[in-house]
2 protein chains.
Amino acid sequence: MKMSVLEEKLRQKNLKITPQRLEILRAVQNHQCDHPSAELIYQAVKKRYPAVSLATVYKTLETLVQIGEIRVAIVSDGKTRYDTRMDRHHHFLCSACGGVQDVEMRMDCLETCTPESLIGKGTIHRGEVIFHGICSGCEAKQAPAPNTPLL
Amino acid sequence: MKMSVLEEKLRQKNLKITPQRLEILRAVQNHQCDHPSAELIYQAVKKRYPAVSLATVYKTLETLVQIGEIRVAIVSDGKTRYDTRMDRHHHFLCSACGGVQDVEMRMDCLETCTPESLIGKGTIHRGEVIFHGICSGCEAKQAPAPNTPLL
DNA sequence: ATTATTGCAAATCCTTTGCACCGGC
DNA sequence: GCCGGTGCAAAGGATTTGCAATAAT
């Protein structure tokens, strides 16, 4: 997203444009594949803006969520991780290392139908798929290849 | 699941059958729809077994996850919530209240296909759908019905 | 000038850990 | 009796909050 669009969004909500916010947004954009935690963003921002406070990072990430610039990724790994892509995509969670990878996949059924068991229970805004499994990196570590001698 | 089956599982792993574990399992089974947190289970167990410690609840829930009796629900609401149903189902998360509801839905495509963007990235064990939206309870609170006068 | 934002430190919430005692087997 | 389990209190990690100083409009 272009800066000017973000600035517009901020102004519309009486939010001020500060160097901290711009740096944090930049860090977020540089970590599109990472599903970064607040701490990771903090470390990245500190490199260019050493005086930032972790509290500011937390507050700013919350603000970015509020204005719909980023969202919280659904991962349950004990810390909040952010999804900096707002377009439709899905996730693959590695049960071994906790890593998150994006999955590109059309699931038209998720866009169109309301499952019967949800009728009358509320309004669906979107559906996403979470795949659970073991990523190739962890597979390599955990089990030797089939015909690799152990010694 | 019948107690005897659980007891069998515990014995197989050299885990002891204690009153605390049985009470915690009972509480878990009584909260199939709640996706309960450790704290909620603790409160429920305390009613029948006032001396339990919260630490024991945490440890036991972890044990139950290890033996495949329950699993961690993917919800990212700041605390760990457990899913006491191990069969295939999906979830509806209310963005307003954080509530989780089960969704029954066949998604054969999730069982069979590997999305192209995942090929070579690891091994999928299962896929689940997360619906995001607003539950009917929160809808009622947040917006007056269309033709309800405001005053 | 006004009002939001920052940075710090303290506080809070959830969860884990160390350890002495207890209880299933 | 052995070894795992329990309960307590303390520690740990992530996030939030109160507040005075600062900076954006």
Side-chain angles (χ1 to χ4, degrees), chain A residues 3-4 6-25 27 35-46 48-67 69-82 98, chain B residues 3-4 6-25 27 35-46 48-67 69-82 98:
Chain A
M3 272 314 167
S4 56
L6 174 74
E7 295 186 2
E8 192 52 38
K9 277 198 186 186
L10 289 172
R11 262 191 273 275
Q12 280 175 10
K13 311 227 176 186
N14 273 40
L15 299 171
K16 289 172 182 169
I17 296 167
T18 67
Q20 287 91 333
R21 283 188 174 158
L22 297 179
E23 274 306 325
I24 290 168
L25 182 71
H35 307 86
S37 64
E39 180 67 27
L40 193 151
I41 293 295
Y42 173 59
Q43 295 302 336
V45 171
K46 251 203 317 194
R48 297 175 49 109
Y49 198 111
V52 252
S53 143
L54 185 52
T56 298
V57 172
Y58 273 103
K59 287 169 188 165
T60 302
L61 288 171
E62 170 63 14
T63 301
L64 292 175
V65 170
Q66 295 307 331
I67 67 176
E69 195 63 25
I70 62 178
R71 59 190 177 204
V72 171
I74 301 297
V75 294
S76 288
D77 74 337
K79 63 191 81 174
T80 301
R81 297 176 63 161
Y82 296 89
Chain B
M3 272 315 169
S4 56
L6 174 73
E7 296 185 2
E8 193 49 39
K9 279 198 185 185
L10 288 172
R11 263 192 271 274
Q12 280 175 10
K13 310 226 176 187
N14 271 41
L15 298 171
K16 289 173 181 168
I17 295 167
T18 67
Q20 287 92 331
R21 284 188 174 158
L22 296 179
E23 273 307 323
I24 290 168
L25 183 71
H35 307 86
S37 63
E39 179 66 29
L40 194 151
I41 294 294
Y42 173 57
Q43 295 302 335
V45 172
K46 250 202 319 192
R48 297 173 50 107
Y49 198 111
V52 249
S53 142
L54 184 52
T56 299
V57 172
Y58 273 102
K59 288 170 187 164
T60 303
L61 289 171
E62 170 62 15
T63 301
L64 292 176
V65 170
Q66 295 307 331
I67 66 175
E69 195 63 24
I70 62 178
R71 60 190 176 203
V72 171
I74 302 296
V75 294
S76 289
D77 74 336
K79 64 192 79 174
T80 301
R81 296 176 63 161
Y82 296 89

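Every heavy atom of this structure was used, including side-chain atoms; hydrogens, water molecules and symmetry mates were not. Here is how names work: the chains are called A, B, and so on, in the same order as the sequence lines, proteins then strands, and each is numbered from 1.
Between A:Leu15 and B:Lys79, the one whose closest nucleotide on DNA chain C sits nearer the 5' end is A:Leu15. In this structure, A:Asn14 and A:Val52 both approach DNA chain C, and ranking their closest nucleotides by distance from the 5' end singles out A:Asn14.
Rounded to whole Å, atom P of C:dG23 lies 9 Å from atom CD of B:Gln20. Spacing between atom CZ of B:Arg11 and atom C1' of D:dC3 amounts to 17 Å, rounded to whole angstrom units. In this entry the distance linking CZ of A:Arg21 with C1' of D:dA23 reads 12 Å, nearest Å. Rounding to whole angstrom units, OH of residue A:Tyr49 and C1' of D:dT22 are separated by 10 Å. Going from atom CD of A:Gln66 over to atom P of D:dT16 covers 11 Å, rounded to whole Å. As a whole-Å value, the separation of B:Tyr42 OH from D:dT6 C1' is 13 Å. If you take NZ of A:Lys13 and C1' of D:dT25, they are 19 Å apart, rounded to a whole angstrom. Per the geometry, CG belonging to A:Asp77 stands 14 Å off C1' belonging to C:dC14, to the nearest Å.
With distances taken from any side-chain atom of A:Thr56 to the nucleotides C:dG7, D:dG5, D:dG7, the minimum falls on C:dG7. The side chain of B:Ser53 lies closest to D:dG7 when the candidates are C:dC14, D:dG7, D:dT25. For A:Lys16, whose side chain is taken as the heavy atoms from C-beta onward, the closest listed nucleotide among D:dG7, D:dA23, D:dT15 is D:dA23. With distances taken from any side-chain atom of A:Thr60 to the nucleotides C:dT6, D:dT6, C:dG7, the minimum falls on C:dT6. Considering only the side chain of A:Ala55, D:dT17 comes nearest among D:dG5, D:dT17, C:dT15. Considering only the side chain of A:Lys59, C:dG7 comes nearest among D:dT6, C:dG7, C:dC25. Across D:dG5, C:dT15, D:dA24, the shortest atom-to-atom separation from the side chain of A:Thr18 is found for D:dA24.
Separation of atoms CD1 (A:Ile70) and CG (A:Leu64) is listed at 4.5 Å; rounding is to 0.5 Å. Rounded to the nearest 0.5 Å, atoms CD1 (B:Ile24) and CD (B:Glu69) are 13.0 Å apart. Note that the CD1 atom of B:Ile67 and the CD atom of B:Glu8 stand 11.5 Å from one another [nearest 0.5 Å].
The side chain of B:Tyr58 places an N or O atom within less than 4.0 Å of a non-bridging phosphate oxygen (OP1 or OP2) of C:dT15.
The residue A:Thr80 sits close only to the backbone: its heavy atoms come under 4.0 Å of sugar-phosphate atoms, none of a base.
Residue pairs that meet the side chain to side chain donor-acceptor pair (under 3.5 Å) test with at least one member in residues 12-22 of chain A, sequence neighbours left out, are A:Gln20-A:Tyr49.
For the pair B:Asp77 and B:Lys79, the minimum side-chain heavy-atom distance is below 4.5 Å.
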